[in-house]
Amino acid sequence: MRDSFGREITYLRLSVTDRCDFRCTYCLPRDYRGFATPEDWLNPAEIERLVAIFASLGVRHVRLTGGEPLVRKEMLEIVERLGRLDALDEISLSTNASRLRQFAGDLRRAGVSRLNISLDSLNPETFGQITGGDLHKVLDGIEAAIEEGFRPLKLNMVVMRGINDHEVEEMIAYCMQHELTLRFIETMPVGLNGIEANRHYVPLKEIEARLRQQYSLQQAAMRGSGPARYFRVGDSGLVIGFITPQSQHFCDTCNRVRLSAEGDLHLCLGKENRVSLRSSLRQGDSDEAIRDIILAAVDRKPEKHSFDQPETHILRPMSALGG
Ligand code: SAM
Ligand code: SF4
(Lines give C-alpha, C1' and ligand atoms only; values in the text may rest on other atoms or scores of the structure.)
(Ligands and ions follow the chains in the order given, each with its own letter.)
Protein backbone atom coordinates (compact mmCIF):
# COMPACT_ATOMS: atom_id res chain seq x y z
CA MET A 1 0.00 0.00 0.00
CA ARG A 2 1.60 3.26 -1.16
CA ASP A 3 0.46 6.85 -0.79
CA SER A 4 0.54 9.42 -3.57
CA PHE A 5 4.13 10.38 -2.61
CA GLY A 6 5.35 6.79 -3.04
CA ARG A 7 5.69 6.06 0.69
CA GLU A 8 4.93 2.45 1.59
CA ILE A 9 2.62 2.07 4.61
CA THR A 10 3.67 -0.89 6.76
CA TYR A 11 3.01 0.39 10.28
CA LEU A 12 -0.29 0.92 12.13
CA ARG A 13 -0.51 2.73 15.45
CA LEU A 14 -3.67 1.55 17.11
CA SER A 15 -5.14 3.44 20.03
CA VAL A 16 -7.24 1.08 22.17
CA THR A 17 -8.58 3.79 24.49
CA ASP A 18 -8.36 7.55 24.83
CA ARG A 19 -8.43 7.24 28.64
CA CYS A 20 -5.42 7.34 30.92
CA ASP A 21 -4.53 7.04 34.60
CA PHE A 22 -1.99 9.89 34.14
CA ARG A 23 -2.44 13.51 33.10
CA CYS A 24 0.87 14.47 31.48
CA THR A 25 1.07 18.22 31.15
CA TYR A 26 1.92 18.07 27.43
CA CYS A 27 -0.82 15.57 26.64
CA LEU A 28 -3.99 15.64 28.71
CA PRO A 29 -5.48 18.60 30.61
CA ARG A 30 -6.11 17.69 34.28
CA ASP A 31 -9.81 18.61 34.08
CA TYR A 32 -10.43 17.03 30.64
CA ARG A 33 -13.88 15.42 30.37
CA GLY A 34 -14.30 14.90 26.64
CA PHE A 35 -13.49 11.16 26.52
CA ALA A 36 -15.19 8.89 24.00
CA THR A 37 -18.00 6.68 25.31
CA PRO A 38 -16.97 2.99 25.52
CA GLU A 39 -19.81 1.94 23.14
CA ASP A 40 -18.00 3.95 20.49
CA TRP A 41 -14.71 2.10 20.99
CA LEU A 42 -14.02 -0.64 18.49
CA ASN A 43 -14.56 -3.98 20.25
CA PRO A 44 -11.83 -6.68 20.14
CA ALA A 45 -13.48 -8.55 17.25
CA GLU A 46 -13.80 -5.32 15.22
CA ILE A 47 -10.16 -4.50 15.94
CA GLU A 48 -9.07 -7.97 14.82
CA ARG A 49 -11.06 -7.69 11.60
CA LEU A 50 -9.69 -4.25 10.74
CA VAL A 51 -6.09 -5.21 11.54
CA ALA A 52 -6.44 -8.31 9.34
CA ILE A 53 -7.60 -6.03 6.52
CA PHE A 54 -4.64 -3.69 7.10
CA ALA A 55 -2.31 -6.71 7.14
CA SER A 56 -3.76 -7.87 3.80
CA LEU A 57 -2.74 -4.44 2.46
CA GLY A 58 0.85 -4.77 3.65
CA VAL A 59 0.89 -3.57 7.28
CA ARG A 60 3.43 -5.71 9.17
CA HIS A 61 3.82 -3.95 12.51
CA VAL A 62 1.03 -2.88 14.88
CA ARG A 63 1.76 -0.72 17.90
CA LEU A 64 -0.90 -0.65 20.62
CA THR A 65 -1.15 2.71 22.30
CA GLY A 66 -3.67 5.08 23.88
CA GLY A 67 -4.34 6.90 26.16
CA GLU A 68 -2.90 4.25 28.40
CA PRO A 69 -3.52 0.91 26.68
CA LEU A 70 -3.28 -1.03 29.95
CA VAL A 71 -6.38 0.69 31.38
CA ARG A 72 -8.51 -1.00 28.69
CA LYS A 73 -10.09 -4.09 30.30
CA GLU A 74 -10.02 -6.16 27.09
CA MET A 75 -6.37 -5.37 26.41
CA LEU A 76 -5.10 -8.94 26.71
CA GLU A 77 -7.93 -10.27 24.55
CA ILE A 78 -7.00 -7.70 21.88
CA VAL A 79 -3.34 -8.77 21.95
CA GLU A 80 -4.28 -12.45 21.82
CA ARG A 81 -6.51 -11.89 18.79
CA LEU A 82 -3.80 -9.91 16.97
CA GLY A 83 -1.20 -12.50 17.98
CA ARG A 84 -3.09 -15.06 15.87
CA LEU A 85 -2.73 -13.00 12.66
CA ASP A 86 0.11 -14.69 10.79
CA ALA A 87 0.61 -11.79 8.39
CA LEU A 88 1.83 -9.53 11.21
CA ASP A 89 5.56 -9.59 11.98
CA GLU A 90 5.33 -7.60 15.18
CA ILE A 91 3.00 -6.36 17.93
CA SER A 92 4.47 -3.69 20.17
CA LEU A 93 3.05 -1.54 22.95
CA SER A 94 3.56 2.01 24.26
CA THR A 95 2.80 2.43 27.94
CA ASN A 96 3.36 4.68 30.94
CA ALA A 97 4.25 1.45 32.86
CA SER A 98 2.05 2.24 35.86
CA ARG A 99 0.30 -1.16 35.48
CA LEU A 100 3.17 -3.07 33.96
CA ARG A 101 4.02 -5.07 37.09
CA GLN A 102 0.57 -6.64 36.76
CA PHE A 103 0.57 -7.14 32.97
CA ALA A 104 4.16 -7.64 31.70
CA GLY A 105 4.12 -11.47 31.79
CA ASP A 106 0.68 -11.85 30.22
CA LEU A 107 1.52 -9.34 27.49
CA ARG A 108 4.64 -11.25 26.58
CA ARG A 109 2.82 -14.58 26.48
CA ALA A 110 0.00 -13.09 24.40
CA GLY A 111 2.43 -11.95 21.72
CA VAL A 112 3.76 -8.45 22.47
CA SER A 113 7.41 -8.50 21.46
CA ARG A 114 8.53 -4.93 22.19
CA LEU A 115 7.67 -2.25 24.73
CA ASN A 116 8.22 1.50 24.71
CA ILE A 117 7.89 3.14 28.10
CA SER A 118 7.46 6.85 28.80
CA LEU A 119 9.67 8.19 31.59
CA ASP A 120 10.31 11.92 31.83
CA SER A 121 11.92 12.21 35.27
CA LEU A 122 13.62 10.17 37.97
CA ASN A 123 12.67 12.68 40.63
CA PRO A 124 9.38 11.61 42.31
CA GLU A 125 8.23 15.20 42.76
CA THR A 126 9.01 16.32 39.21
CA PHE A 127 7.52 13.09 37.90
CA GLY A 128 4.32 13.77 39.86
CA GLN A 129 4.19 17.35 38.57
CA ILE A 130 4.55 16.25 34.95
CA THR A 131 2.29 13.18 35.00
CA GLY A 132 0.15 13.25 38.15
CA GLY A 133 1.36 9.65 38.67
CA ASP A 134 3.55 7.65 41.06
CA LEU A 135 7.18 7.22 39.97
CA HIS A 136 7.72 4.15 42.17
CA LYS A 137 4.99 2.16 40.41
CA VAL A 138 6.52 3.08 37.06
CA LEU A 139 10.04 2.04 38.08
CA ASP A 140 8.60 -1.21 39.44
CA GLY A 141 6.78 -1.71 36.11
CA ILE A 142 10.06 -1.21 34.23
CA GLU A 143 11.70 -3.85 36.46
CA ALA A 144 8.85 -6.25 35.69
CA ALA A 145 9.38 -5.73 31.96
CA ILE A 146 13.12 -6.43 32.35
CA GLU A 147 12.37 -9.58 34.36
CA GLU A 148 10.03 -10.79 31.59
CA GLY A 149 12.85 -10.39 29.07
CA PHE A 150 11.55 -7.48 26.99
CA ARG A 151 14.73 -6.52 25.12
CA PRO A 152 15.63 -4.05 23.81
CA LEU A 153 13.47 -2.01 26.15
CA LYS A 154 13.08 1.60 25.04
CA LEU A 155 12.43 4.53 27.36
CA ASN A 156 11.01 7.75 25.90
CA MET A 157 11.74 11.09 27.58
CA VAL A 158 10.02 14.28 26.41
CA VAL A 159 12.66 16.93 27.10
CA MET A 160 11.23 20.18 28.52
CA ARG A 161 13.19 23.32 29.27
CA GLY A 162 13.24 24.27 32.94
CA ILE A 163 11.34 21.11 33.88
CA ASN A 164 13.47 18.03 33.19
CA ASP A 165 16.22 19.12 30.76
CA HIS A 166 18.74 19.04 33.63
CA GLU A 167 17.97 15.31 34.14
CA VAL A 168 19.26 14.08 30.80
CA GLU A 169 22.59 12.86 32.21
CA GLU A 170 20.86 11.18 35.16
CA MET A 171 18.56 9.35 32.75
CA ILE A 172 21.60 8.23 30.77
CA ALA A 173 23.15 6.79 33.95
CA TYR A 174 19.87 5.01 34.83
CA CYS A 175 19.62 3.48 31.36
CA MET A 176 23.27 2.39 31.41
CA GLN A 177 22.71 0.70 34.76
CA HIS A 178 19.58 -1.16 33.58
CA GLU A 179 20.75 -1.74 29.98
CA LEU A 180 17.85 0.18 28.44
CA THR A 181 17.67 2.22 25.24
CA LEU A 182 16.88 5.90 25.83
CA ARG A 183 15.13 8.15 23.33
CA PHE A 184 14.73 11.88 23.71
CA ILE A 185 11.63 13.47 22.16
CA GLU A 186 10.89 17.08 21.26
CA THR A 187 7.57 18.50 22.46
CA MET A 188 4.99 18.84 19.72
CA PRO A 189 2.31 21.54 19.45
CA VAL A 190 -0.34 18.83 19.17
CA GLY A 191 -3.22 18.13 21.53
CA LEU A 192 -5.24 20.26 23.92
CA ASN A 193 -2.14 21.22 25.90
CA GLY A 194 0.24 21.28 22.96
CA ILE A 195 0.70 25.05 22.77
CA GLU A 196 1.38 25.24 26.51
CA ALA A 197 3.74 22.22 26.27
CA ASN A 198 5.61 23.87 23.46
CA ARG A 199 6.61 26.79 25.67
CA HIS A 200 9.13 24.33 27.09
CA TYR A 201 10.37 23.19 23.67
CA VAL A 202 14.07 22.28 23.50
CA PRO A 203 15.56 21.63 20.04
CA LEU A 204 17.35 18.32 20.57
CA LYS A 205 20.44 19.54 18.67
CA GLU A 206 21.12 21.45 21.87
CA ILE A 207 21.02 18.28 24.01
CA GLU A 208 23.11 16.39 21.44
CA ALA A 209 25.79 19.12 21.53
CA ARG A 210 25.79 19.06 25.33
CA LEU A 211 26.21 15.27 25.39
CA ARG A 212 29.00 15.37 22.80
CA GLN A 213 31.04 17.42 25.28
CA GLN A 214 30.84 14.52 27.74
CA TYR A 215 30.64 11.35 25.64
CA SER A 216 31.66 10.12 22.23
CA LEU A 217 28.53 9.42 20.17
CA GLN A 218 28.86 6.90 17.33
CA GLN A 219 26.00 6.55 14.90
CA ALA A 220 24.14 3.25 15.45
CA ALA A 221 21.46 1.25 13.68
CA MET A 222 18.41 0.12 15.62
CA ARG A 223 15.53 -2.16 14.71
CA GLY A 224 12.10 -0.53 14.67
CA SER A 225 9.67 1.40 12.54
CA GLY A 226 10.45 4.80 13.99
CA PRO A 227 12.13 7.97 12.90
CA ALA A 228 14.75 8.23 15.67
CA ARG A 229 18.45 8.88 14.93
CA TYR A 230 20.50 6.55 17.13
CA PHE A 231 23.98 6.81 18.68
CA ARG A 232 26.09 4.48 20.78
CA VAL A 233 27.41 6.26 23.90
CA GLY A 234 31.15 5.66 24.25
CA ASP A 235 31.85 1.97 24.84
CA SER A 236 29.11 1.69 27.45
CA GLY A 237 26.74 -0.35 25.28
CA LEU A 238 24.04 2.29 25.78
CA VAL A 239 22.17 3.42 22.68
CA ILE A 240 20.37 6.78 22.72
CA GLY A 241 17.99 8.15 20.11
CA PHE A 242 16.75 11.60 19.13
CA ILE A 243 13.21 12.08 17.82
CA THR A 244 12.91 15.56 16.34
CA PRO A 245 9.43 16.14 14.88
CA GLN A 246 9.87 19.90 15.06
CA SER A 247 13.48 20.77 14.37
CA GLN A 248 14.06 18.14 11.64
CA HIS A 249 10.83 16.61 10.46
CA PHE A 250 10.96 13.09 8.99
CA CYS A 251 7.75 13.14 6.95
CA ASP A 252 9.44 11.96 3.74
CA THR A 253 10.06 8.54 5.31
CA CYS A 254 6.68 8.29 7.10
CA ASN A 255 5.47 4.67 6.91
CA ARG A 256 2.50 4.85 9.26
CA VAL A 257 -1.18 5.53 9.72
CA ARG A 258 -3.12 5.74 12.98
CA LEU A 259 -6.42 4.31 14.12
CA SER A 260 -8.23 5.92 17.06
CA ALA A 261 -10.12 3.90 19.68
CA GLU A 262 -13.35 4.95 17.96
CA GLY A 263 -12.14 3.62 14.62
CA ASP A 264 -11.16 6.85 12.89
CA LEU A 265 -8.27 6.35 10.48
CA HIS A 266 -5.88 9.32 10.78
CA LEU A 267 -3.40 9.90 8.00
CA CYS A 268 -1.07 12.32 9.84
CA LEU A 269 -0.53 13.23 13.49
CA GLY A 270 -0.14 16.88 12.52
CA LYS A 271 -3.21 17.21 10.26
CA GLU A 272 -6.94 16.68 10.63
CA ASN A 273 -7.39 14.32 7.61
CA ARG A 274 -9.33 11.25 8.76
CA VAL A 275 -12.03 8.79 7.79
CA SER A 276 -14.34 6.71 10.02
CA LEU A 277 -13.94 2.96 9.61
CA ARG A 278 -16.30 2.18 12.49
CA SER A 279 -19.31 3.29 10.47
CA SER A 280 -18.25 0.97 7.64
CA LEU A 281 -17.83 -1.94 10.06
CA ARG A 282 -21.14 -1.36 11.80
CA GLN A 283 -23.17 -0.83 8.65
CA GLY A 284 -22.01 -4.24 7.39
CA ASP A 285 -19.57 -3.26 4.63
CA SER A 286 -17.55 -6.14 3.13
CA ASP A 287 -13.79 -6.52 3.67
CA GLU A 288 -13.37 -5.53 0.04
CA ALA A 289 -15.32 -2.28 0.53
CA ILE A 290 -13.33 -1.41 3.67
CA ARG A 291 -10.08 -2.13 1.83
CA ASP A 292 -11.13 0.36 -0.86
CA ILE A 293 -11.92 3.02 1.76
CA ILE A 294 -8.48 2.52 3.36
CA LEU A 295 -6.68 2.68 0.00
CA ALA A 296 -8.54 5.86 -0.97
CA ALA A 297 -7.68 7.43 2.40
CA VAL A 298 -4.00 6.46 2.17
CA ASP A 299 -3.92 8.02 -1.27
CA ARG A 300 -4.84 11.32 0.42
CA LYS A 301 -2.14 11.07 3.12
CA PRO A 302 -0.68 14.59 3.50
CA GLU A 303 2.89 15.17 2.38
CA LYS A 304 3.96 16.63 5.74
CA HIS A 305 2.76 18.07 9.02
CA SER A 306 2.65 21.84 9.56
CA PHE A 307 3.68 22.25 13.19
CA ASP A 308 5.43 25.46 12.17
CA GLN A 309 2.09 27.12 11.33
CA PRO A 310 0.39 27.90 14.66
CA GLU A 311 -2.99 28.51 13.02
CA THR A 312 -3.15 24.82 12.12
CA HIS A 313 -2.77 23.71 15.73
CA ILE A 314 -4.52 20.35 16.19
CA LEU A 315 -7.12 20.42 18.94
CA ARG A 316 -7.79 16.72 19.40
CA PRO A 317 -6.11 15.36 22.53
CA MET A 318 -2.86 13.48 21.92
CA SER A 319 -4.27 10.74 24.16
CA ALA A 320 -6.87 10.05 21.46
CA LEU A 321 -4.20 9.12 18.95
CA GLY A 322 -1.33 7.69 20.93
CA GLY A 323 1.56 9.86 19.77
N1 SAM B 1 0.25 6.34 27.55
C2 SAM B 1 1.30 5.80 26.75
C3 SAM B 1 2.61 6.52 27.01
O4 SAM B 1 2.60 7.56 27.64
O5 SAM B 1 3.64 6.00 26.57
C6 SAM B 1 1.01 5.80 25.27
C7 SAM B 1 0.33 6.99 24.67
S8 SAM B 1 1.25 8.51 24.71
C9 SAM B 1 0.13 9.65 23.94
C10 SAM B 1 2.52 8.20 23.49
C11 SAM B 1 3.70 9.15 23.50
O12 SAM B 1 3.26 10.44 23.11
C13 SAM B 1 4.38 9.30 24.85
O14 SAM B 1 5.75 8.94 24.72
C15 SAM B 1 4.25 10.78 25.15
O16 SAM B 1 5.39 11.25 25.81
C17 SAM B 1 4.09 11.38 23.76
N18 SAM B 1 3.44 12.69 23.75
C19 SAM B 1 2.18 13.02 24.14
N20 SAM B 1 1.93 14.34 23.95
C21 SAM B 1 3.07 14.87 23.42
C22 SAM B 1 3.45 16.19 23.00
N23 SAM B 1 2.63 17.25 23.07
N24 SAM B 1 4.70 16.35 22.50
C25 SAM B 1 5.56 15.28 22.40
N26 SAM B 1 5.25 14.03 22.79
C27 SAM B 1 4.03 13.82 23.29
FE1 SF4 C 1 -1.38 9.28 29.49
FE2 SF4 C 1 0.61 8.72 27.83
FE3 SF4 C 1 -0.79 11.03 27.57
FE4 SF4 C 1 0.82 10.71 29.65
S5 SF4 C 1 1.45 10.77 27.49
S6 SF4 C 1 -1.31 11.49 29.73
S7 SF4 C 1 0.65 8.57 30.08
S8 SF4 C 1 -1.56 9.00 27.27
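Reckoned from all heavy atoms, side chains included, excluding hydrogens, waters and symmetry mates. Order of listing sets the numbers, starting from 1, for every ligand and every atom in it.
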Return yes or no for this condition: an N or O of [X] is under 3.5 Å from an N or O of ligand 1.
X	value
Ser118	yes
Gly67	yes
Arg13	no

Mind checking whether Gly67 has a heavy atom under 4.0 Å from ligand 2?
yes
Check each atom of ligand 1 against the heavy atoms of [X] and keep those under 4.0 Å away; list them by number with element.
X	value
Thr65	6 (C), 7 (C)
Glu68	1 (N), 2 (C)
Met188	22 (C), 23 (N), 24 (N), 25 (C), 26 (N)
Val158	16 (O), 26 (N)
Glu186	25 (C)

Does the distance from a Lys or Arg side-chain N to an Asp or Glu carboxylate O, for [X] and [Y], drop under 4.0 Å?
X	Y	result
Arg84	Glu80	no
Arg49	Asp287	yes
Arg99	Asp21	yes
Arg282	Glu46	yes

Cys20 and ligand 2 - part of the residue with a heavy-atom distance under 4.0 Å:
side chain
Validate the cation-pi geometry between Arg212 and Phe231: distance from NZ or CZ to the six-membered ring centre under 6.0 Å, angle to the ring axis within 45°.
yes
Relative to Phe150, does Arg108 satisfy both conditions: NZ or CZ under 6.0 angstrom from the six-membered ring centre, and within 45 degrees of the ring's axis?
yes
For residues 291-302, run the donor-acceptor check on the side chains, cut-off 3.5 Å, and write out each pair with its distance to 0.1 Å, sequence neighbours left out.
residue, atom, partner, partner atom, Å
Arg291, NH1, Ser56, OG, 2.7
Arg291, NH2, Glu288, OE1, 3.3
Arg300, NH1, Ala296, O, 3.4
Lys301, NZ, Arg256, O, 3.0
Lys301, NZ, Leu267, O, 2.9

With sequence neighbours excluded, residues passing side-chain contact (heavy atoms from CB on, under 4.5 Å) with Thr187
Val158, Met160, Asn198, Tyr201, Gln246
So is Gly66 in contact with ligand 1, going by heavy-atom distances below 4.0 Å?
yes
What is the ring orientation for Phe35 with Tyr32, classed by angle as parallel under 30°, tilted 30 to 60°, or perpendicular over 60°?
perpendicular
A student checking ligand 2 against Asn96 at a 4.0 Å heavy-atom cut-off should list atoms 7 (S)
Which segment of Thr95 sits under 4.0 Å of ligand 1 when only heavy atoms are counted:
backbone
